[in-house]
Chemist: 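Please read through the structure below; I'll follow up with questions.
Residue numbers run from 1 in the order of the sequence given. Here the structure is a predicted model, which is why all the values come from computation and not from measurement. Values below: all heavy atoms of this structure, side chains included; hydrogens, waters and symmetry mates excluded.
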Amino acid sequence: MAADLTAVPLIERHRGTLDKALEAIRTREFWSPYPEHPKAYGDGADGKAAFDALLGQRFALDQPGTDDWTGRETSPYGIELGVDYPHPDIEVLLPAMRAGIPAWRDAGPELRAMVCLEILARINARTNEFAHAVMHTSGQAFTMAFQAGGPHAQDRGLEAVTYAYAEQVRTPDAAEWVKPQGKRDPLRLQKTFTAVPRGVALVVGCNTFPTWNGYPGIFASLATGNPVLVKPHPRAVLPLALTVAVAREVLAEAGFDPNLVALAAERPGEGLAKALAVRPEIRIIDYTGSTAFGDWLETNARQAQVYTEKAGVNTVVIDSTDNYKGMLSNLAFSLSLYSGQMCTTPQNLLIPRDGITTDAGHRTYDEVVADLAASVEGLLGDDARANALLGALVNPDVKTRLEAAPSIGEVALASRAVTHPDFPDATVRTPVLVKLDGAKPDDQAAYLTECFGPVSFAVAVDSTTDAVELLRRTVREKGAMTVGGYTTSAEVERLLEKACWEECAQLSLNLTGGVYVNQTSAFSDFHGSGGNPAANAALCDGAFVAGRFRVIEVRRPA
């Protein structure tokens, strides 16, 4: 029997979740309605079967303006997905999407939020299926694809809905305005305030985290009344196509136009994102990817509110530690997770030439680098564990950068190939660690450029003070999604905090346990700051949602 998706049952079903989410963004405590352990979702066989049933088929969405079929991704694990997706005739699809705006606008912030929560609930119920789709388009290992592509992405979607709701209801629906006039009768007006959408939102998906990076923009725009056109990365269409299908299903069942959410899959080399980005109907753009295209969007898509997450050079300052073994283990994991193919993975490790003080005694620069290399080797020495952490290289460009890294400087840790027992065609590589001199101009050119993938640089600097100054320069000129620091000195902590406050970068200090610099938790951590060149927005805060709608006032005599 189909669920009752009229307003009252929807509100009854999801209002409690929204209230808890509102409390979570206020307190910043840990909270999630979506379990991250696979056991919460059964044995996974149904999800695998559902994924397998998609392969080699057309992914029908019944959306207007389909003029062709395109797609056919190849998994980084070496298998052909063979899925074809509807290619849009934009001249037909965009007007159809705009037609649903009035009813969706008039539904109001609360009902829109509840519809979004129902979409997320149905996605959550299919987490196992989504995990396989994310794994075989991004190259993430299954456990990471399950967690980051499933419940953690769903958390980020719910977080965006929560901020969107909070910002929209900040202004009351109606107010009576009375201005005293002394002996004369007061002036009286009745005022109404309506949150109105900007227009069609374009979400340009990324290859590495199609759901985690895609859901904030999708749900922030939808919850604020905007139709959402999802343009996936050509190598990672399936997870977002599944998302669009679920959204369209829920919208239709709730009595709204399903064309409020649509898919725009592109032909090879078509450049559909660039063509869409400058159309007058597109009023919001969310983008994750290269700096070059992000800069182009910010410069050329002048009719739209543009939110970008681009490249950055993430940096760790190593001054001292009272848990040397824990520091090494934490950094080794951070450098290895998903083969460094995360926008939050550390790249530059700034280490004083004279070494650092630790609970294990003084360690020279060379010893720190060697000990870190040994820690990575120990972590990834077993191939089964290595495959579970590394996943597969997402595209040939990552492999090219990895293979070129030894020519940059002295190799402290060489990369090695790992054979995947289930997917022999997967390209799996361990990280490379290269030693560089922070004072040499040629070395600076290398470490001040993002080298996306399993490549990191141990940069020798004259002092911790010089390291902090180099950190400032890096964030200011190149941007950073994350900054890490290790120190036992209160003074150095203050220097690092001040640098990150003034250059607008998110800082993690002295992580030695099970929390890593390249991981963030929805409802508590901010992903990016919006204040340096790596990203012009943070996931998620009020600024991320407030520009997606405007409050329109109507005044009448009382």
Side-chain angles (χ1 to χ4, degrees), residues 2-26 30-36 40-41 100 103-127 129-130 149-170 195 197 201 203 211-212 214-228 230 239-240 242-258 260-261 286 521-524 539-542 544-545 548-549:
D4 184 352
L5 292 193
T6 53
V8 172
L10 269 175
I11 292 171
E12 290 176 346
R13 185 178 309 152
H14 297 299
R15 182 71 223 194
T17 300
L18 180 60
D19 287 341
K20 290 177 181 176
L22 289 164
E23 179 67 7
I25 64 171
R26 186 188 68 82
F30 172 78
W31 176 77
S32 171
Y34 309 120
E36 67 177 4
Y41 300 89
W104 189 235
R105 175 199 64 214
D106 295 346
E110 183 176 42
L111 184 52
R112 286 197 296 267
M114 300 309 157
V115 172
C116 289
L117 265 62
E118 178 67 21
I119 295 169
L120 286 164
R122 294 198 189 183
I123 290 172
N124 177 257
R126 296 169 62 177
T127 291
E129 178 184 1
F130 272 77
H152 296 174
Q154 295 151 23
D155 281 340
R156 284 298 186 191
L158 175 56
E159 181 184 41
V161 174
T162 306
Y163 272 100
Y165 174 81
E167 290 299 320
Q168 289 174 97
V169 300
R170 187 182 301 278
V203 174
T211 56
W212 198 99
Y215 282 7
I218 290 172
F219 286 98
S221 287
L222 194 61
T224 49
N226 302 279
V228 181
V230 180
L240 291 179
L242 287 167
T243 302
V244 169
V246 173
R248 291 176 62 85
E249 173 188 83
V250 172
L251 285 163
E253 290 180 22
F256 297 101
D257 190 337
L260 287 164
V261 179
D286 288 275
S521 179
F523 310 107
S524 185
L539 305 180
C540 184
D541 60 7
F544 184 70
V545 299
R548 297 171 193 263
F549 69 96

Chemist: Checking Asp106 now: which residues fulfil side chain to side chain contact (heavy atoms under 4.5 Å, CB included) with it, not counting sequence neighbours?
Modeler: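 Partners of Asp106 by the side chain to side chain contact (heavy atoms under 4.5 Å, CB included) criterion come out as none, since no residue qualifies.
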Chemist: For a quick test of reading the model, state the closest non-hydrogen atom pair linking Leu10 to Glu118 and the distance between them.
Modeler: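 Closest approach of Leu10 to Glu118: CD2-CB, 3.9 Å.
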Chemist: Donor-acceptor pair, Arg105 side chain versus Gly225 backbone, under 3.5 Å?
Modeler: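 Such a contact is absent between Arg105 side chain and Gly225 backbone.
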Chemist: Enter the distance from Leu18:CG to Met114:CE here, rounded to the nearest 0.5 Å.
Modeler: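 Separation between the atoms: 4.5 Å.
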Chemist: Would you indicate whether the side-chain heavy atoms of Leu240 and Ile218 approach each other to under 4.5 Å?
Modeler: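 Sidechains of Leu240 and Ile218: in contact.
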Chemist: Between Trp104 (side chain only) and Leu222 (backbone N and O only), is there a donor and an acceptor less than 3.5 Å apart?
Modeler: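 Pair found, side chain donor or acceptor close to backbone of Leu222.
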Chemist: Nearest 0.5 Å please: distance from the CG atom of Leu158 over to the OH atom of Tyr34.
Modeler: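 One finds 4.5 Å between CG of Leu158 and OH of Tyr34.
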Chemist: Say whether Tyr215 and Asp155, considering side chains only, have a donor N or O and an acceptor N or O under 3.5 Å apart.
Modeler: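 The answer is no; no qualifying pair exists.
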Chemist: Are any side-chain N or O atoms of Ser524 and backbone N or O atoms of Phe30, one a donor and one an acceptor, separated by less than 3.5 Å?
Modeler: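 Checked: no pair found.
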Chemist: To the nearest 0.5 angstrom, please state how far the CD atom of Gln154 sits from the CD1 atom of Ile123.
Modeler: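 It comes to 6.5 Å.
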Chemist: Check whether any side-chain N or O of Thr224 sits under 3.5 Å from a backbone N or O of Ser221 as a donor-acceptor pair, and report yes or no.
Modeler: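 Side chain of Thr224 to backbone of Ser221, a donor-acceptor pair under 3.5 Å: yes, one is there.
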Chemist: If you round to the nearest 0.5 Å, how far is CZ of Arg156 from CZ of Phe523?
Modeler: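 Separation between the atoms: 8.5 Å.
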Chemist: Closest approach of Asn226 and Pro197, non-hydrogen atoms and distance?
Modeler: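 That closest heavy-atom pairing would be OD1-CB, 3.1 Å.
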Chemist: When rounded to the nearest 0.5 angstrom, what is the spacing between CG in Leu22 and OH in Tyr163?
Modeler: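 Reported value, rounded in 0.5 Å steps: 10.0 Å.
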Chemist: Nearest 0.5 Å, what's the CZ-OG1 distance between Phe219 and Thr162?
Modeler: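 Between atom CZ of Phe219 and atom OG1 of Thr162 there are 11.5 Å.
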Chemist: Sort and list the pairs that fulfil salt bridge (Lys or Arg N to Asp or Glu O under 4.0 Å) and have at least one residue in residues 160-169, not counting sequence neighbours.
Modeler: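 Non-adjacent pairs meeting salt bridge (Lys or Arg N to Asp or Glu O under 4.0 Å): Glu167-Arg170.
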Chemist: Do you know which two heavy atoms are closest between Ala254 and Val115, and how far apart they sit?
Modeler: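 Scanning both residues completely, I find the closest heavy atoms to be CB-CG2, 4.2 Å.
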Chemist: Indicate the atoms forming the closest heavy-atom contact of Ala160 with Val545, along with that distance.
Modeler: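 Heavy atoms of Ala160 and Val545 come nearest at O-CG1, 3.9 Å.
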Chemist: Using every non-hydrogen atom in the two residues, find where Gly217 and Val203 come nearest and quote the distance to one decimal.
Modeler: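 Taking every non-hydrogen atom into account, C-CG2, 4.1 Å.
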Chemist: Please report the shortest heavy-atom distance between Arg112 and Ala223, naming the atom on each side.
Modeler: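 The answer is NE-O, 3.0 Å.
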Chemist: With sequence neighbours left out, write down each residue that passes side chain to side chain contact (heavy atoms under 4.5 Å, CB included) with Arg126, or none if nothing qualifies.
Modeler: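 Side chain to side chain contact (heavy atoms under 4.5 Å, CB included) list for Arg126, sorted by chain: Glu129, Phe130, Leu242, Val246.
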Chemist: Can you check whether Val261's main-chain N or O pairs, donor with acceptor, with Arg248's side chain at less than 3.5 Å?
Modeler: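 Here the side-chain-to-backbone pair exists.
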